[in-house]
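Have a look at the structure below, then the notes.
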Amino acid sequence: MWKRIVLYGALLAAGTLLLQWLDYQRLVHSHVGDVFTFLIAGGFLALGVWLGAKVIARPAPRAFDGNPQAVATLGLSPREMQVLEELLAGRSNQEIAERLGVSRNTVKTHVARLLDKLGAKRRGDAVARARELGIVR
């Protein structure tokens, strides 16, 4: 019994497929100009999108190198650079000391040396000067 049902379903599916294919053929033959217009328009759309992406595309941003020449000229140590990054984040001496695992006095010493090397009077001035030199983002 189930074989008959499957056979009947397959015949109905094949008949439906044949009718849809014939309907598609009639549609294409009666509107061949529209089909070609659609294909050409789609091709030009794809070409326009591709060209637009190539022409208008923004160049990849340069990798930030931290201006190693300025760092070397100023004589900044790696630890002073870490302290400078923490100053940039707006952290206090206590917070910097906790994050770097050193005492507050050590942080004060590093901050004083940074201010001296960058020619700044305050922490904000040091950060602004470091940004001018391209040492930090």
Side-chain angles (χ1 to χ4, degrees):
M1 178 74 177
W2 63 273
K3 289 183 183 179
R4 234 184 222 175
I5 294 172
V6 171
L7 178 64
Y8 183 67
L11 287 174
L12 283 176
T16 303
L17 183 65
L18 178 66
L19 287 174
Q20 288 295 320
W21 183 75
L22 289 173
D23 189 39
Y24 173 73
Q25 291 296 320
R26 182 191 58 80
L27 177 70
V28 169
H29 286 304
S30 64
H31 299 288
V32 71
D34 294 337
V35 170
F36 283 130
T37 302
F38 175 76
L39 291 175
I40 290 171
F44 276 112
L45 175 66
L47 179 66
V49 168
W50 180 75
L51 281 176
K54 290 291 183 183
V55 171
I56 299 175
R58 202 179 291 162
R62 248 184 18 179
F64 181 74
D65 64 350
N67 195 359
Q69 291 175 335
V71 172
T73 303
L74 293 172
L76 298 177
S77 69
R79 182 59 93 175
E80 288 171 339
M81 289 299 297
Q82 288 176 334
V83 171
L84 183 60
E85 290 290 335
E86 297 296 327
L87 289 178
L88 182 67
R91 293 190 175 88
S92 67
N93 285 352
Q94 181 63 39
E95 292 170 330
I96 296 171
E98 289 171 3
R99 288 179 61 89
L100 298 180
V102 295
S103 72
R104 274 182 34 192
N105 289 334
T106 304
V107 173
K108 286 180 186 178
T109 301
H110 286 306
V111 170
R113 287 185 183 161
L114 276 170
L115 294 176
D116 184 46
K117 290 179 180 181
L118 291 171
K121 293 185 180 187
R122 290 184 292 272
R123 297 160 70 111
D125 296 339
V127 169
R129 179 76 175 128
R131 281 189 175 142
E132 286 174 12
L133 294 172
I135 297 172
V136 294
R137 291 183 193 264

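Count residues from 1 along the sequence. No experiment lies behind these values; they were computed from the predicted model shown.
The distance from the OG atom of S77 to the CG atom of L114 is 7.5 Å, given to the nearest 0.5 Å. Separation of atoms CD (Q25) and OG (S30) is listed at 11.0 Å; rounding is to 0.5 Å. For the atom pair NE2 of H110 and CE of M81, the computed distance is 13.0 Å after rounding to the nearest 0.5 Å. With values rounded to the nearest 0.5 angstrom, L88 atom CG is found 4.5 Å from R131 atom CZ. To the nearest 0.5 Å, atom CD of residue E95 and atom CZ of residue R104 are 11.5 Å apart. To the nearest 0.5 Å, the span separating OH on Y24 from NE2 on H29 amounts to 9.5 Å.
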**OP:** With side-chain contact (heavy atoms from CB on, under 4.5 Å) as the test, would you mind laying out the steps for I135 and L74 before giving the verdict?
**Re:** CA-CA 11 Å; I135 297 172; L74 293 172; 3.7 Å; yes
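Using modelled atom types, one finds no donor on one side chain facing an acceptor on the other under 3.5 Å when comparing E86 with Q82.
Taking all atoms of both residues into account, the shortest heavy-atom contact from L84 to A130 is CD2-CB, 3.7 Å. Residue A126 comes nearest to L115 through the heavy atom pair CB-CD2, 3.7 Å, listed as atom of the first residue, atom of the second, then distance.
Considering only heavy atoms from C-beta on, R79 comes within 4.5 Å of V102 through its side chain.
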Donor-acceptor contacts, no H, no angles, side chain residues 48-70, under 3.5 Å, sequence neighbours left out:
{"residue": "D65", "atom": "OD1", "partner": "N67", "partner atom": "N", "Å": "3.1"}
{"residue": "N67", "atom": "OD1", "partner": "A70", "partner atom": "N", "Å": "3.4"}
{"residue": "N67", "atom": "ND2", "partner": "L133", "partner atom": "O", "Å": "2.5"}

Donor-acceptor contacts under 3.5 Å from residues 3-18 side chains, at least two apart:
{"residue": "T16", "atom": "OG1", "partner": "L12", "partner atom": "O", "Å": "2.8"}

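Cluster annotation: L39 and L45 are assigned to distinct hydrophobic clusters (Ile/Leu/Val/Met/Phe/Trp/Tyr, side-chain heavy-atom contacts under 4.5 Å, transitive).
Here side-chain hydrogen bond (donor to acceptor under 3.5 Å, both in side chains) pairs that include residues 113-128, with residues two or more places apart or in two chains, are E80-K117, N93-R123.
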